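Because the structure is predicted, anything quoted here is derived from the model rather than measured. Chain letters run A, B, ... following the sequence lines, proteins first, then strands; residues in each count from 1.
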2 protein chains.
Amino acid sequence: MLLIKNIMDKKEKTTTEQLILEAAEEEFLTKGFDGARTTVIAERAGVTHAMLHYYFRTKEQLFERIVAKITALVAQTVLAAMGDPQKPIVERIRSGVASHFDLVAAHPLLPRFFLNEVVLRPERYNLLNDSLKERISALFMQLQTEADRAAGAGEMEAVDMRHLFLSIVSLNVFPFLALPFAERLLGDLAGDREKFLAARKAEAIETILRRIQKQKP
Amino acid sequence: MLLIKNIMDKKEKTTTEQLILEAAEEEFLTKGFDGARTTVIAERAGVTHAMLHYYFRTKEQLFERIVAKITALVAQTVLAAMGDPQKPIVERIRSGVASHFDLVAAHPLLPRFFLNEVVLRPERYNLLNDSLKERISALFMQLQTEADRAAGAGEMEAVDMRHLFLSIVSLNVFPFLALPFAERLLGDLAGDREKFLAARKAEAIETILRRIQKQKP
DNA sequence: ACATGGTTTAACAATATTGTTAATACAAAT
DNA sequence: ATTTGTATTAACAATATTGTTAAACCATGT
């Protein structure tokens, strides 16, 4: 019976195919496409490297499976940076910075992978079709309108939301890219990882809030 | 006569060795160590790939020549971000942000290369010896003291200079990492590259200055 | 002219890396 | 029990990539 077989598959597949995918994610995430070796991935998965080709045919196809997963996660963090649409704009920005930071902190290897493997191969991974571009554009327009209204009402300073967005992502993402370096450069700063991350999060929030704060003069 | 020969060398060496170095810089900078191919480098330089090995023995040795150059440039931008020690602290920070941005803008490929090839290979490129670490630490301590004094005098808000420094670098560097992506995501924002860069520079300066601005209430 | 020494070439060697295939094991269905 | 199809293995193939070498080249100094 087919149903039974499928159920079996779903239970059993926790083995080879999954093992390869997990090993591949680890390897690709840390070493990139060029640096990763299919033989190493197979070793880490504890299977012969012929298995890898049996399940995924080529290195590229295996890689694309990983790219798809990572891309979905990145999209999540981007959306997070836009904040909760329910709240008023200033609070929306504050919550956006905070939750975006948390998401990046939960996946610190993502940024580098995404930058190297997706951003720099626009021809291969063109995940920005026109309809998506339009939706994003509309989203920014909506944000901008709301911000302009709030600025008119004296609730915040007038800002270009696209630049603000880029600043948020910069402040939240770059420290994770630089972390291995910063930890050696500023030993005590990063001495306690927990403390350092909490401080960075607070710093990003404070910096962005001050950026949109209405000037008193 | 040896002197004459050396002079000749310096004139002639604009050929093969230099050609290889230039091609290697281009390849390593855009593709990284793993992605670069010595054969391609040789082709680009217009020499046989045996020449590459003749002058640099191995791919690694050639690579290290490039790393040395890039590292020096990165050190420059880091120093630039510290601003002109002559000026008062607030102006020092403003000029630091500006000149750091300009340096990064002049070498937009550096950040990714440095992150991938140097930051992530601490064992191979340990360019942070203890004496350098101490000097940097002292530099930050000095900056902090000056900032604390200015804060006490009501000239600026009290801040952790190391965090401020990291924010400056984040705001200035990340946009260049994300540029290829941002250009497709926010077409009109990056429509005119010149305008976009000018706006980013102004945005970074404004953001940092507001961060250190004394609150009125 | 000749010797010297750095430069260049072309062909080769060695290895790494990806991908293929034929034979086999194994589990499920009929 | 036989068939069927997937999973697995081991050995091989093909190519890419780095690195080596012997011989030729060429400018310079003697």
Options dT20(C), dT8(C), dG19(D), nucleotide nearest the side-chain atoms of His49(A) | dT20(C)
Quick one: Lys59(A) NZ to dG19(C) P, roughly how many Å, whole number?
-> 8 Å
In whole angstrom, what separates Leu52(B)'s CG from dT18(D)'s P?
-> 9 Å
Is there side-chain contact between Leu115(B) and Leu177(B), with at least one heavy-atom pair below 4.5 Å?
-> yes
Rounded to whole angstroms, how far apart are CD on Glu17(B) and P on dT7(C)?
-> 8 Å
So do Leu21(A) and Tyr55(A) actually touch side chain to side chain, heavy atoms under 4.5 Å?
-> no
Does Thr48(B) have a side-chain nitrogen or oxygen under 4.0 Å from the phosphate oxygens OP1 or OP2 of dT9(C)?
-> yes
Take the protein atom CE of Met51(B) and the nucleotide atom P of dT7(C), then report the distance between them rounded to whole Å.
-> 9 Å
So does Tyr54(B) get a side-chain nitrogen or oxygen closer than 4.0 Å to the phosphate oxygens (OP1/OP2) of dT21(D)?
-> no
Strand contacts (DNA chain C) in residues 25-42 of chain A, 4.0 angstrom heavy-atom criterion | Ala36(A), Arg37(A), Thr38(A), Thr39(A)
Proximity to the side chain of Ala50(A) - top-ranked nucleotide from dT20(C), dT9(C), dA7(D) | dT20(C)
Distance flag, aromatic centroids of Phe113(A) and Phe28(A), threshold under 6.0 Å | no
Report the distance from atom OH of Tyr55(A) to atom C1' of dT18(C), rounded to the nearest whole Å.
-> 20 Å
May I have the distance from Glu43(B) (atom CD) to dT17(D) (atom C1'), rounded to whole angstrom?
-> 13 Å
Would you please test Glu203(B) and Leu171(B) for side-chain contact (heavy atoms from CB on, under 4.5 Å) and show each step?
-> CA-CA 9 Å; Glu203(B) 183 71 22; Leu171(B) 287 171; over 6 Å; no
For Glu91(A), which residues count as a side-chain hydrogen bond (donor to acceptor under 3.5 Å, both in side chains) partner, sequence neighbours excluded?
-> Arg94(A)
Integer-rounded Å distance: dT17(D) P and Phe63(B) CZ = 17 Å
Hey, is the main chain of Val159(A) close enough, under 3.5 Å, to the side chain of Gln144(A) for a donor-acceptor pair?
-> yes
Taking atom P of dT18(C) as reference, at what distance in whole Å does atom CD1 of Ile20(A) sit?
-> 14 Å
Are any of the side-chain heavy atoms of Leu166(B) and Arg200(A) separated by less than 4.5 Å?
-> yes
Out of dT9(D), dT18(C), dT18(D), which has the shortest distance to the side chain of His53(B)?
-> dT18(D)
Ignoring backbone atoms, establish whether Thr16(A) has a side-chain N or O less than 4.0 Å from OP1 or OP2 of dA7(D).
-> no
